[in-house]
Amino acid sequence: MQRRVVVRFALALAVVLTVGLFEISIVQDTEDNKETLDMARSVPHEERFDKASSSRQPVNPDLHRTRRASRKCRHRKHVVLAKTHKTGSSSIQNILFRYGDHYNLTFVLPKSGHYLSYPSPFNRKSVLQEQNSAAKPMEYDILCHHTRFDHANIRELMPNDTIYVTVLRDPVTMFESTFTYFRLDRTYNITGPNPFKTFLESPEKFTSKNIKKRGVNHHVRNPMFFDLGWNSDDLQTDKDVWRAIRHLDKIFHFVVIAEYFHESMVLLRDLLCWDTDDVTTFKVNARSEWSVNHVTSDMVSKILAWNRADAMLYNYFNKTLWKKINNYRGHIKEDAAFLRLRNKELEDTCLEEDTKKGQKKEYKVWKPPGVDIKGFSLKKEASNNRMCQGMIRPEIRFTYYLRKKEMNKL
């Protein structure tokens, strides 16, 4: 009898200690993410959290597939995605494309190309459906193409219950990606073995001489803030930056942090009252490893100093994401792990391992000169699978398809 009591006590103590350690790890992760971005980041945020996320697998996959549908919440179909360059926003755009196409929703579509007014602020004159002034006002559901965010003009088109979403990424990796993807070395005629490092040693020297060159203003400094409507010249002091951050915080219902993409998608799924399969995605527009510049700790500090406003913006909304994670009414790690598992299942169902094998023209992605972007090829047995087709259709092709579909309705 005494032995039984001792065993039960030991088991109970083990459970308490396990729960306690788990809670401590959550608190520690939260505190880590409340620190300002600096060059002393010994372990990337995403690496620390992914290790923790992968430690718990879904106990009952069937439960995850059904419980969202049974939860009482208000289904949302009106969404604005303020798309930001080189942050992973194309993956979320693809989610919205597929969802809107499936439910025959109305997109705010560019009259040509795949940008809306960019790099100028959003203007309804760039919208396909707004070309006929005699037509009755349109009722729009989704806006998710690249545009320079202008809330006043966008809300004139969108319903009052619209959910506003944007995406931010660690300014260090984001700026490296921007510099490489937009070939800013060519913009500034920088040669040598490491143009990115050369630029960071004295960015003012290059930008002051080339201020009128195309692409300089909106990609070279604080590019995330530019996409959200601000010029770097308007963000000279910390007070200016905080004023801008507070303004954006009042507008956006949710800000995705790219380093915690799956956790963000779980929270967005709940906000929109969608199901897990609605937020599945492949990694869109990702570069091959040889197209990525190595960033040293010295370069990190220079990137953050040059893009101080973007760093403050990212840090603020990174903290707000962690508040949402801690307030989540479920097991965020378990739900994020299940979403990863579901994405992997779809990869196995849809994709060839050899991405160049039998790649059709309609699924080929645009690649800047000298930059390799990963594409997708469908398995033969998935060639008529509508979900698989939608998940690998590039932005430009999807836009052409949606524009044609919309013009048939006009």
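Nothing here was measured: the structure is a model prediction, and the numbers come from that model.
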Can you tell me how far the [atom1] atom of [X] sits from the [atom2] atom of [Y], to the nearest 0.5 Å?
X      : Y      : atom1 : atom2 : result
Lys333 : Asp335 : NZ    : CG    : 13.0 Å
Asn160 : His78  : CG    : NE2   : 10.0 Å
Phe107 : Thr399 : CZ    : OG1   : 9.5 Å

- Test side chain to side chain contact (heavy atoms under 4.5 Å, CB included) applied to Lys239 - qualifying residues, sequence neighbours left out: Thr237, Arg243

- Tyr314 vs Ile257 side-chain heavy atoms within contact, under 4.5 Å: yes

- Message: Could you walk me through whether Leu184 and Phe196 satisfy the side chain to side chain contact (heavy atoms under 4.5 Å, CB included) test, starting with their C-alpha distance in whole Å, then the side-chain angles of each, then the deciding distance to 0.1 Å, before giving a yes or no?
- Response: CA-CA 9 Å; Leu184 295 184; Phe196 187 44; over 6 Å; no

- Query: What residues form a side-chain hydrogen bond (donor to acceptor under 3.5 Å, both in side chains) with Glu201, not counting sequence neighbours?
  - Reply: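 Result, side-chain hydrogen bond (donor to acceptor under 3.5 Å, both in side chains) vs Glu201: none returned.
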
- Message: By the definition salt bridge (charged side-chain N to carboxylate O under 4.0 Å, His left out), identify the one residue from Arg340, Arg269, Lys324 that meets it with Glu263.
- Response: Arg340

Less than 4.0 angstrom from a charged side-chain N to a carboxylate O is my criterion; do [X] and [Y] meet it?
X      : Y      : answer
Glu347 : Lys344 : no
Arg393 : Asp101 : no
Arg329 : Asp270 : no
Arg403 : Glu406 : no
Asp185 : Arg183 : yes

- Task: Please assess His151 against Val80 for the test side chain to side chain contact (heavy atoms under 4.5 Å, CB included), listing each intermediate value before the final yes or no.
- Result: CA-CA 10 Å; His151 186 228; Val80 165; over 6 Å; no

Less than 3.5 Å apart, which donor and acceptor atoms pair up between the side chains of residues 108-116 and the rest of the protein, not counting sequence neighbours?
residue : atom : partner : partner atom : Å
Tyr115  : OH   : His85   : NE2          : 3.1

- Message: Would you say CG of Asn132 has more than 12 non-hydrogen atoms from neighbouring residues, nucleotides or ligands within 6.0 angstrom?
- Response: yes

On the 0 to 90° scale, with breaks at 30° and 60°, tag the [X]-[Y] ring pair as parallel, tilted or perpendicular.
X      : Y      : value
Trp322 : Tyr260 : perpendicular
His219 : Phe182 : parallel
Phe252 : Phe149 : tilted

- Would you check, one step at a time, whether the test salt bridge (charged side-chain N to carboxylate O under 4.0 Å, His left out) holds for Arg342 with Asp277? CA-CA 8 Å; Arg342 184 64 184 128; Asp277 269 10; 2.7 Å; yes

